[in-house]
Structure formats: C-alpha cells, structure tokens
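Both backbone and side-chain heavy atoms feed into the values below; hydrogens, waters and symmetry mates do not.
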Amino acid sequence: MMKIEHFAFNVLDPIAIAAWYCEHLGFTVKHKFTQAPHTHFLADSSGQVMIEIYCNPADQVPDYQAMDPLLVHLAFVSADPEADAKRLIGAGAREVDDVKLKDGSHLKMLKDPWGFSIQLCRRGRPML
C-alpha cells in the first residue's frame, strides 16, 4: 500500500507562504531549512499529509496567478465554505469560483495571496 506523504510546489516566497498557511489554514511546520531554497514541510490538521514549499531558482516558478484553478489546486474540507472564504479573503485571498452541486456539495475556489489555488469543499456526501 502506498500513502501520500507530501505534495511539493515551487513558489517565490516560501517563508511568507508557510507563515500564511500556518496562520490561516491550520498547518504546522514539521521541518524547514533556514537556507535557500527555504524548504518548508507543512502538515495539515490531520497530521497525516504534508505540503512542501520551496523556492528553487534552478527552475521556473510557475505563474500560479495566471493558471486556471482546475490545472492544480489544494482542496480542503470545510464545514462552512462561505465563512472560511470570508475569513481567507480578509487575510488576502481572492474568490475565483463558487459552485453548488445538486448533491448538496458546495465548492469555493480561491487564490491565496500568491496566486496558488485553494478549494474549500463541503461535500453533500463525504468522499472519505
């Protein structure tokens, strides 16, 4: 059996992004490097999945701001997507889309302050 440990993405300012994700999305820093590329391993509130963010100048940092959110995004379980979106927008995110499905699911797509797409999901029927 395989289990996801982390998902990694190259960003311009991993220090600021790590701080924002910890403060506003409930992540905790599990490991970080204080020297370039300033890699941060951040665990979600379950403590079972991490994201890795870093700034690797050897490769191009994607233009997340210009990317369609359906190309790549981080999806979070949210009991109240409206309230969570309002809180995150107050912290610098912006709303991109708001979808309500017939099964009762509510999906709100946002961009974090650096343009990376995050989705807030309240499913009509939980997927896991």
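F33 and F7 fall into different hydrophobic clusters, where Ile, Leu, Val, Met, Phe, Trp and Tyr are joined by side-chain heavy atoms under 4.5 Å apart, directly or via other members. Placement of M50 and L74 in two distinct hydrophobic clusters is found when ILVMFWY residues are connected by side-chain heavy-atom separations under 4.5 Å, directly or transitively. Cluster annotation: Y54 and F41 are assigned to distinct hydrophobic clusters (Ile/Leu/Val/Met/Phe/Trp/Tyr, side-chain heavy-atom contacts under 4.5 Å, transitive). Hydrophobic clustering (ILVMFWY, side-chain heavy atoms < 4.5 Å, transitive): L120 and L71 are in one cluster. In the hydrophobic clustering of ILVMFWY residues, with side-chain heavy atoms under 4.5 Å counting as a link, L42 and I4 come out apart.
In terms of heavy-atom proximity, S78 sits nearest to R122 at O-CB, 3.2 Å. The nearest pair of heavy atoms linking P69 to K111 is CG-CE, 4.3 Å. Closest of all the heavy-atom pairs between A75 and C121 is CB-SG, 3.9 Å. When all heavy atoms are compared, the tightest approach of P62 to N10 is CD-O, 3.7 Å. Nearest heavy-atom pair, R87 versus H24, reported as atom, atom and distance to 0.1 Å: NH1-O, 2.7 Å. The shortest heavy-atom contact between A18 and H40 is CB-CD2, 3.5 Å.
One finds the CG atom of N56 at 8.0 Å from the OG1 atom of T39 (value rounded to the nearest 0.5 Å). For the atom pair CG of L88 and CG of L25, the computed distance is 5.5 Å after rounding to the nearest 0.5 Å. Here the OG1-CD1 distance, from T34 to I15, works out to 8.5 Å after rounding to the nearest 0.5 Å. For the atom pair K100 NZ and K102 NZ, the distance stands at 15.5 Å (nearest 0.5 Å).
Taking the side chain as every heavy atom from C-beta outward, S117 and M67 never approach each other to under 4.5 Å. Residues I118 and Y21 are in side-chain contact: their nearest non-hydrogen atoms beyond the backbone lie under 4.5 Å apart. Within the 4.5 Å cutoff, no side-chain heavy atoms of H38 are placed close to those of C55. Using a 4.5 Å heavy-atom threshold, the side chains of I89 and E95 count as touching. Residues K86 and K108 are not in side-chain contact: their nearest non-hydrogen atoms beyond the backbone lie 4.5 Å or more apart. When side chains are defined from C-beta on, F116 counts as touching V72, because their heavy atoms get closer than 4.5 Å. Put simply, the side chain of L107 reaches to within 4.5 Å of the side chain of R123, judged on heavy atoms.
Note on ring orientation: taking the six-membered ring where Trp is involved, the planes of F76 and F27 are perpendicular (angle over 60°, cut-offs 30° and 60°). Between W114 and W20, the ring planes lie perpendicular to each other; the angle is over 60°, past the 30° to 60° tilted range.
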Review point. Could you go step by step and tell me if V11 and Y64 meet the side chain to side chain contact (heavy atoms under 4.5 Å, CB included) rule?
Key: CA-CA 9 Å; V11 299; Y64 296 114; 4.1 Å; yes
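More than 12 non-hydrogen atoms from other residues, nucleotides or ligands lie less than 6.0 angstrom from CG of L101.
Partner of E52 under the side-chain contact (heavy atoms from CB on, under 4.5 Å) criterion, chosen from K30, H31, H6: H6.
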